[in-house]
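Worksheet for the structure shown next.
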Amino acid sequence: MAQPKVEKLITAVDIGSWKVSALIAGRTDTGELAILGTGQRESRGVRRGFIADMERTELAVRETVEQAERVAGTNIEDVWVSFSGGSLVSDVVTVERDMGGYRVEQPDIDDLLTTGQQGIDPDGRIVLHAQPTCFTINGKVPVKKPLGMHADLLGVDIHVVLADGAPLANLDLCVRGAYLNVNSIVASPIATGLACLSEEERDLGVALVEMGAGVTNVSLYAGGMLVGLHSIPIGASDITDDIASSFGIRRSQAERIKCFYGSAMQNPRDFREMIEIAPPHGDVAVPGQAAGPNAEGGKITRAALVGVICERLNQIMTEVNAALAGMGFNSIGRQVVLTGGGAEMKGIADYAQGALGRAVRIGRPRGLSALPEAHSGPAFATLAGLALYGASNPVDLRTMAPAPQTVHRLGAPLWWQRMMRAIKANY
């Protein structure tokens with residue numbers, strides 16, 4: 001059986017606070033996305049989603065993409081890049097146009113979108129996304145394709161994501177410094193939602209909680225679009241720092257202990273299970289030096305580790321609950337999808353369900369074939385979503401050329417033409 005032919009290459013680069021990862025996918029003639037190569041490096045210059053060290057970030061991006069290129073056996077030039085900084089703001093702009101009961105034609109839709117494009121007020125920020133998400137007929141009936149339908153009033157909801165200009169410029173410079181062209185910078189919640197949420201979930205109402213290393217993004221979907229966004233400057237790396245500080249060990253060892261022994265749920269056996277730790281001076285405990293609270297002779301109980309983890313998780317979930325309440329989640333939906341690197345911790349879904357009082361599931365990337373097992377967890381949801389976003393390349397009003405004429409007066413010739421079209425359509 002012949003292998004599907006790759007028609008287009010799509011490269012995604014996710015620049016996070018803990019890791020930089022890259023994925024090269026090929027869109028085949030069957031419409032599927034096949035993974036050709038992946039790469040990953042430690043993030044060396046990003047703090048809370050913002051670039052803190054340009055040179056180290058640039059080097060990490062270059063090494064990550066080169067690794068993915070070697071696996072894929074190809075060279076790439078254009079990439080889709082994620083942005084997860086806390087300056088993201090989401091809004092929905094609604095624009096309407098009087099149609100007088102006539103059929104909707106393509107110029108009507110173009111004029112409506114142009115009016116919406118001109119009506120966006122960035123308020124000193126950069127427009128990261130401006131996407132038409134839903135058309136309406138007569139202010140009530142939502143439709144996907146209004147072309148050819150009769151309407152008294154034609155409207156459109158435009159989803160707008162804004163961000164501060166300086167962090168975006170720094171991110172763009174780092175990627176271009178690695179000799180890559182930036183197709184687009186995509187807000188992390190947009191990409192993650194595309195990878196983890198089904199169309200039905202986005203339509204019914206769902207909250208997406210992305211626990212990254214330095215930032216926890218809480219986004220709310222309803223009616224098929226993102227309607228709310230809130231960023232919390234706390235993440236999974238804060239748990240690692242708490243472990244390192246509490247037990248007097250290196251960050252690297254704290255991360256390893258968190259991954260292998262950490263849990264969000266306490267177990268009676270945890271008080272009997274001992275974990276060996278090494279102080280920051282070396283691989284062996286220094287005699288007479290305390291390793292931290294509840295540590296004895298270079299060992300700690302797993303219960304002490306879980307206690308430190310849960311203390312920070314409680315703070316994060318309190319902030320998440322407040323964000324959901326502030327966005328009116330109680331009146332929209334009940335389902336919460338938890339993703340990001342922090343969602344890989346054992347027992348986190350049960351903990352979040354108890355802390356939030358809502359049904360919680362772990363969001364993993366889907367929609368990609370041949371995704372490596374190492375990249376199939378929630379920590380790589382944003383990366384997979386970037387590839388899906390690049391493949392779909394949704395309509396964005398930022399790239400739409402302004403129409404030469406945006407306001408049309410129904411003079412006698414145009415009025416006559418529209419009446420004749422209406423007569424022909426009905427008879």
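Source: prediction; values computed, not measured.
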pair [X]-[Y]: side-chain heavy atoms closer than 4.5 Å:
X: R97; Y: T115; result: no
X: I126; Y: L162; result: no
X: V95; Y: L112; result: yes
X: V156; Y: C134; result: no
X: L23; Y: L386; result: no
X: T133; Y: I158; result: no

Please confirm whether the backbone N or O of [Y] pairs with a side-chain atom of [X], one donor and one acceptor, at under 3.5 Å?
X: K258; Y: S263; answer: no
X: T64; Y: G39; answer: no
X: T57; Y: G45; answer: yes
X: S237; Y: A213; answer: yes
X: D350; Y: G347; answer: no
X: D78; Y: N183; answer: no
X: N314; Y: E311; answer: no

Can we say [X] and [Y] salt-bridge, meaning some charged N sits less than 4.0 Å from an Asp/Glu carboxylate O?
X: E201; Y: R361; value: yes
X: R48; Y: D238; value: yes
X: R62; Y: E58; value: yes
X: D53; Y: R44; value: no

Inset, instruction - State the CG-CD distance between L194 and E199, to the nearest 0.5 angstrom. - result: 10.5 Å

Legend entry - Residue list, side-chain contact (heavy atoms from CB on, under 4.5 Å) with R47, at least two apart or on another chain: A52

Inset, instruction - Can you sort out the partners of R256 under salt bridge (Lys or Arg N to Asp or Glu O under 4.0 Å), two or more places apart, ordered by chain and number? - result: none

Inset, instruction - Would you confirm whether the ring centroid of Y389 sits within less than 6.0 angstrom of the ring centroid of H129? - result: yes

